[in-house]
Amino acid sequence: MRSAIWIGIFVGSTVGGLVPELWGGDMISYSGVLLSGVGAFAGLWLGSRTSR
């Protein structure tokens, strides 16, 4: 159960951090950090749902 949650957090934060690069932004910017947090939360939620 715990590994699915951690994998979800890792993948979600990575994808969320890379999204600003689609519009020419930087991974280390306000939008990159914000979307990385949103992606981590989404990965946490998805990992907890799949581990049930």
#### Entry: Pairs meeting criterion side chain to side chain donor-acceptor pair (under 3.5 Å) with involvement of residues 29-42, two or more places apart
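The answer is Ser29-Ser31.
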Using distance only, find each side-chain donor-acceptor pair of residues 41-51 under 3.5 Å and give its atom names and separation, not counting sequence neighbours.
from	atom 1	to	atom 2	distance (Å)
Ser48	OG	Leu44	O	3.3
Ser48	OG	Trp45	O	2.8
Thr50	OG1	Leu46	O	3.2
Thr50	OG1	Gly47	O	3.1
Ser51	OG	Gly47	O	3.2
Ser51	OG	Ser48	O	3.1

Which side-chain N or O atoms in residues 3-19 pair as donor and acceptor under 3.5 Å with protein atoms at least two apart or in another chain?
from	atom 1	to	atom 2	distance (Å)
Ser13	OG	Ile9	O	3.0
Ser13	OG	Phe10	O	3.1
Thr14	OG1	Phe10	O	2.8

### Whether over 12 other heavy atoms sit under 6.0 Å from Ile28 CD1
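Counting neighbours around CD1 of Ile28, 12 or fewer heavy atoms of other residues, nucleotides or ligands fall under 6.0 Å, so no.
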